[in-house]
A.B. asks: 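The following block contains the structure, expressed as structure tokens.
Chain letters run A, B, ... following the sequence lines, proteins first, then strands; residues in each count from 1.
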Amino acid sequence: MSVLPNYISSEVEQKWYSYWLKNKYFSSKPDHREPYTIVIPPPNITGVLHMGHMLNNTIQDILIRRARLKGKNACWVPGTDHASIATEAKVVDSLKKQGINKEDLDRESFLKHAWEWKENYGGIILDQLKKLGCSCDWDRTKFTMDEDMSKSVISTFIDLHNKGLIYKGYRMVNWDPEAKTTLSDEEVNYVERKDNLYYIKYKVENEDSYITIATTRPETILGDSAICVNPTDKRFHKLKGKKIIVPLCNRSIPLIEDDYVDIDFGTGCLKVTPAHDLNDKLIGDRHNLEVIDILNDDATLNRHGLEFEGKDRFVARKEIIDKLTKQGLVDKIEQISHNVGISERTNAIIEPKFSDQWFLKMEELVKPAIKSVLKDEEIKLFPKKFENTYKHWLENIRDWNISRQLYWGQQIPAFYYGKGKNDYVVATNIKDALSVAIEKTNNKNLKLSDLKQESDVLDTWFSSWLWPISVFDGINNPDNDEINYYYPTNDLVTGPDILFFWVARMIIAGYEFKNTKPFSNIYLTGLVRDKQRRKMSKSLGNSPDALKLIKDYGADSVRVGLLLSASAGNDLMFDESLCQQGKSFSNKIWNSYKLINGWSVEDIEQPEYSKLSIQWYENKFQSVLVEIEDHFNKYRLSDALMCVYKLIWDDFCSWLLELIKPEYQHPIDKLTFDSVINIFENNLRVLHPFMPFISEEIWQNISNRSVNEALIVSAWPKVESVNRKMIKDFDFTSQVISSIRTIRKEKNISFKNSIELHVLNNENNSSNLDSLIIKLCNISKLVYTKIEVENSISFRVKSNNYYVPVDNNNINIEEEIIKLKKELQYIEGFLNSVRKKLSNSRFVENAPDKVIQIEKDKEQDALSKIKAIKDSLSSLDR
RNA sequence: GGGCGCGUAGCUCAGUUGGUUCAGAGCACCUGGUUUACACCCAGGGGGUCGGGGGUUCGAAUCCCUCCGCGCCCACCA
């Protein structure tokens, strides 16, 4: 056989990925087999592959490849998300670089640029997933703004609207003044900041007295419509019914009373600015207060801003304080620390804004989603600990603000026929809208040109919540073959950060639009962090270049590296050295194949030790396979990988191959060789989901395979019965072997020098594995004895005594005696504690029989071991 | 402020209902080894009062209380 070259991951990976693609192994069509379906969490088209993607797509690929090997019709649907805010920001940015302002473009031209951008960059991340080995059915690639996908979104909007679940309302929303859009609550981060708390004096009308209020946002003074105190606060009873003068603009506003005000905070007086604070708005509603909005969309002051009009809110704040100070109205300034809302996208400080938005009522929709996960367990959450979080969120859910003031996205299909905010109809297109409008208004003179479509688009999540349904066109064609076959999907793999944004909403959509769950299992990965536990992010620059890692270590190695420390739901501290561990493993596997590949096979007799070793490994493999299955069933993928890792590295390479390895330049018998190849193939089958490339490469090297014999479509090994005794006997034997190795090391006996081994078989072991000891320990003679052996070093495994005779001058009798006495002392202490337990009547009365029996066995073990040590001691004493 | 969770070897983590196999794994570390697959290796080895204290129990890493430290989610007080 030819000498194999070293393993070069980049060549091998490219070769097999093209081969897999060419032969359509990834593609899936409905057939008679059981389906196994995963829909990818669609990455943003603006995204580049980062470690989080690498992790959860590796996991999905492992699940898909295993399902494929198990004979299921495995279908992994890939795609991307239009990510309205993020993409629009990118496009605006790229236009700016070309000297174009978004404001100068109308909707249509902007969208043209956006689609152009999407065509250029939108597919990059999917190409990167291919490098990782992801076996998605690429022919099914979807985009959340594909025509049919958008059609689904629009028709569900209309459906929900017709059910009375969508309404328009003025609400306090999070306004991002930089992106000039509303943000969902989830897109706002709160950071703790130190700010000034200004105490400002307001004059009481027609009196020479002042009251003081505290505020962190003095510019909103211009929007004040009342001063509010707690009705039980006696300090202010004398001012009841009075008017207060707002500084600077000298408006007269009422003093009102409301329970909301905390007597002990600040001065006990609250300035009420309904346009700029949610709680103030609620107070305002209770007291019929005027709403005075003082800000423009870009957070500069508007016409209510007096001489500060046009100035940014923070500039205005400073100037207002200066002016108030000059007027002697600033009582004092304190430093407080409080939380400030920051836009996740632009980092701008969020302005609470009173705005006209579209909402979806959630209260009823959410009910089946609570029941299915928490009560019926139709959907299982891994790890389970997220159930509490899930429950808490769903039970406290608020109505969903689904409108966004952007161009990029599905435009809300509402058409206004009049000036009033509720003078609209909802329809698929403008023509339908016209007839609906005519019917509604009874105004036959309405023309198309009288209708104006709502300019807002829908929240991105309002399209991605349909993803598991809409990728199979299950909204537009609810009874098509694909949706009937693939839906509900099996597993969803994603990060816990979008449990609410996306996962919960998909469940809601599943029950609302398909009457069933969208998937059966949710696997939440951890977040990938760096070694210092920081979240990986672009701004910190601590995220490694995923593609470079693949180039340096190979995709298989990166997959292994990521997975090794990624137990479900735990954040994982990523460190490049993990990839190195993966690479070492690849190297180990490759070299084990090189060894076997180099053997010359002859039709000679099979040695006993080979036969036994192979028997042992086949049983060991089965027992590990059972463990692997168990780990998979509980979604403990890193544990499953660790099983494979140890199986191949320790059991296969370190034990089996060392045992059956022929002597240098000697041939191997055919029986053993064939068995080893068979074993190797089974190893590759369980390895394949984790390390698809190297496993396929070796598989195809072992023999010439036809197209339908590729590893990717071979079969996962079947679980068979395990001979546990064989494994136990081998464990015993391996302890003997380790002990001999220890003695060789301690006594400096080179492996090249053969030694004798004498056994005092107190355990009455059958001796059939002795040939393994002889092979691995270079034993010249293995003798069973009834008496102690003098001039030897002894050790025990269980109660068996083993003696390795050595030269007199290589043995230090005193040292040996001390060693044995220590061993004896320990075991006697152990015996004592066991007996103490057994003589404790409360233990004997209360503990179950099984536990008592265990203690009795321990007692017996200890006794026979003590006897064996004493035997050895007496032989040394002589 | 409200809720959830965590603390086990130098690091990252397993440890089902308290009881064989419970004090474990991988990595790192230490010692020795290289003409004969692999130094990306082999063999051997040392590491832990299971965050502290108290309790329940015949028996606690596991259950309860308390203190200390950390993380996440939700709400957000002018």
A.B. asks: Hey, could you give me each pair passing salt bridge (charged side-chain N to carboxylate O under 4.0 Å, His left out) that has a residue in residues 838-854 of chain A? Not counting sequence neighbours.
C.D. replies: none

A.B. asks: Can you tell me how far C1' in A39(B) sits from the matching atom in U35(B), rounded to whole Å?
C.D. replies: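 These two C1' atoms come out 15 Å apart once rounded.
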
A.B. asks: Does Tyr390(A) make a side-chain N or O approach to OP1 or OP2 of C4(B) shorter than 4.0 Å?
C.D. replies: no

A.B. asks: When the P atoms of U8(B) and C63(B) are compared, how many Å lie between them, rounded to an integer?
C.D. replies: 16 Å

A.B. asks: Using the side-chain contact (heavy atoms from CB on, under 4.5 Å) criterion, which residues pair with Val626(A)? Sequence neighbours excluded.
C.D. replies: Val719(A)

A.B. asks: Over how many whole Å does the gap from Asn840(A) atom CG to U57(B) atom P extend?
C.D. replies: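 Rounding to the nearest Å, CG of Asn840(A) and P of U57(B) are 14 Å apart.
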
A.B. asks: Checking understanding here: a glycosidic angle within 90° of 0 is syn, the rest anti, so what is G47(B)?
C.D. replies: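 Syn conformation here, the glycosidic angle of G47(B) being no more than 90° from 0.
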
A.B. asks: Does some side-chain heavy atom of Tyr645(A) sit less than 4.5 Å from a side-chain heavy atom of Asp650(A)?
C.D. replies: no

A.B. asks: Can you work out whether Ala214(A) or Arg842(A) has the more 5'-proximal nearest nucleotide on RNA chain B?
C.D. replies: Arg842(A)

A.B. asks: Suppose the criterion is side-chain hydrogen bond (donor to acceptor under 3.5 Å, both in side chains): which pairs have a residue in residues 732-741 of chain A, not counting sequence neighbours?
C.D. replies: none

A.B. asks: Give the rounded distance in Å between these two atoms: CE of Met642(A) and C1' of G26(B).
C.D. replies: 4 Å

A.B. asks: With Ser799(A), which residues qualify under side-chain hydrogen bond (donor to acceptor under 3.5 Å, both in side chains), at least two apart?
C.D. replies: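 Listed in chain order: Glu763(A).
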
A.B. asks: At under 4.0 Å between heavy atoms, which parts of nucleotides 37-45 of chain B does protein reach? Answer with one letter per nucleotide, 5' to 3': B base, S sugar-phosphate only, - none.
C.D. replies: BB-BSSSB-

A.B. asks: For G5(B) and U17(B), measure between their P atoms and round to the nearest Å.
C.D. replies: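 It works out to 15 Å between them.
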
A.B. asks: Rounding to an integer number of angstrom, what distance separates C76(B) and C13(B) when you compare their P atoms?
C.D. replies: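 C76(B) and C13(B) have their P atoms separated by 32 Å.
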
A.B. asks: May I have the distance from Leu562(A) (atom CG) to C13(B) (atom C1'), rounded to whole angstrom?
C.D. replies: 16 Å

A.B. asks: Base, sugar-phosphate alone, or nothing: which one does Lys646(A) contact when heavy atoms must sit under 4.0 Å apart?
C.D. replies: sugar-phosphate

A.B. asks: Applying salt bridge (charged side-chain N to carboxylate O under 4.0 Å, His left out), can you list everything that pairs with Lys725(A), at least two apart in sequence or on another chain?
C.D. replies: Asp729(A)

A.B. asks: Which value, in whole Å, describes the distance between the C1' atoms of nucleotides G24(B) and G48(B)?
C.D. replies: 11 Å

A.B. asks: With sequence neighbours left out, what residues match Gln580(A) under side-chain contact (heavy atoms from CB on, under 4.5 Å)?
C.D. replies: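 Expected list: Tyr553(A), Lys583(A), Ser584(A).
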
A.B. asks: Please identify each residue that fulfils side-chain hydrogen bond (donor to acceptor under 3.5 Å, both in side chains) with Lys634(A), with sequence neighbours left out.
C.D. replies: Asp630(A)

A.B. asks: Select base, sugar-phosphate, or nothing to describe what Phe751(A) touches, counting heavy atoms under 4.0 Å on all strands.
C.D. replies: nothing

A.B. asks: Which of these nucleotides, C76(B), C73(B), C58(B), is closest to any side-chain atom of Thr389(A)?
C.D. replies: C73(B)

A.B. asks: Regarding Val261(A), tell me which of base, sugar-phosphate or nothing describes its non-hydrogen contacts under 4.0 Å with the strands shown.
C.D. replies: base

A.B. asks: Rounded to whole Å, please give me the gap between CG in Asn196(A) and P in A78(B).
C.D. replies: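 Interatomic distance, CG of Asn196(A) to P of A78(B): 13 Å.
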
A.B. asks: Sequence neighbours excluded, which residues qualify as side-chain hydrogen bond (donor to acceptor under 3.5 Å, both in side chains) partners of Arg744(A)?
C.D. replies: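 If we apply the side-chain hydrogen bond (donor to acceptor under 3.5 Å, both in side chains) test to Arg744(A), skipping adjacent residues, there are no hits.
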
A.B. asks: When the C1' atoms of G15(B) and U20(B) are considered, how many whole Å apart are they?
C.D. replies: 15 Å

A.B. asks: When you get a sec, tell me which of C76(B), C77(B), A78(B) is the closest nucleotide to the side chain of Asp277(A)?
C.D. replies: C77(B)

A.B. asks: Mind calculating the distance between CG (Leu578(A)) and P (A28(B)) to the nearest angstrom?
C.D. replies: 10 Å

A.B. asks: Could you tell me whether the side chains of Gln853(A) and Asp857(A) share a donor-acceptor contact shorter than 3.5 Å?
C.D. replies: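 On atom types as modelled, these side chains qualify, holding a pair under 3.5 Å.
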
A.B. asks: Determine whether the side chains of Asp258(A) and Tyr260(A) contain a donor N or O and an acceptor N or O closer than 3.5 Å.
C.D. replies: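 Asp258(A) vs Tyr260(A): no donor-acceptor pair found between side chains.
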
A.B. asks: side-chain hydrogen bond (donor to acceptor under 3.5 Å, both in side chains) with Thr220(A): which residues, sequence neighbours excluded?
C.D. replies: Lys271(A)

A.B. asks: Tell me, which stems hold RNA chain B, with a stem being 3 or more Watson-Crick or G-U pairs in a row and both distances under 3.5 Å?
C.D. replies: B:1-7 with B:68-74, B:10-13 with B:24-27, B:29-33 with B:41-45, B:51-55 with B:63-67

A.B. asks: Which value, in whole Å, describes the distance between the P atoms of nucleotides A23(B) and G46(B)?
C.D. replies: 16 Å

A.B. asks: Hey, are Glu859(A) and Lys837(A) close enough for a salt bridge, meaning a charged N less than 4.0 Å from a carboxylate O?
C.D. replies: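 Answer for the salt bridge query: no.
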
A.B. asks: Measure from CG on Asp233(A) to P on C77(B) and round the result to the nearest Å.
C.D. replies: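 Interatomic distance, CG of Asp233(A) to P of C77(B): 21 Å.
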
A.B. asks: For U62(B) versus A75(B), give the span between their C1' atoms, rounded off to a whole number of Å.
C.D. replies: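 These two C1' atoms come out 34 Å apart once rounded.
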
A.B. asks: Distance check needed: C27(B) C1' versus Leu564(A) CG, whole Å only.
C.D. replies: 9 Å

A.B. asks: For nucleotides 16-23 of chain B, give me one character per nucleotide, 5' to 3': B if any protein heavy atom sits under 4.0 Å from the base, S if the only such contacts are to the sugar-phosphate, - if neither.
C.D. replies: ---BB---

A.B. asks: Whole angstrom is fine here: how far is it from CD1 in Ile221(A) over to P in A78(B)?
C.D. replies: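 Answer to the nearest Å: 15 Å.
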
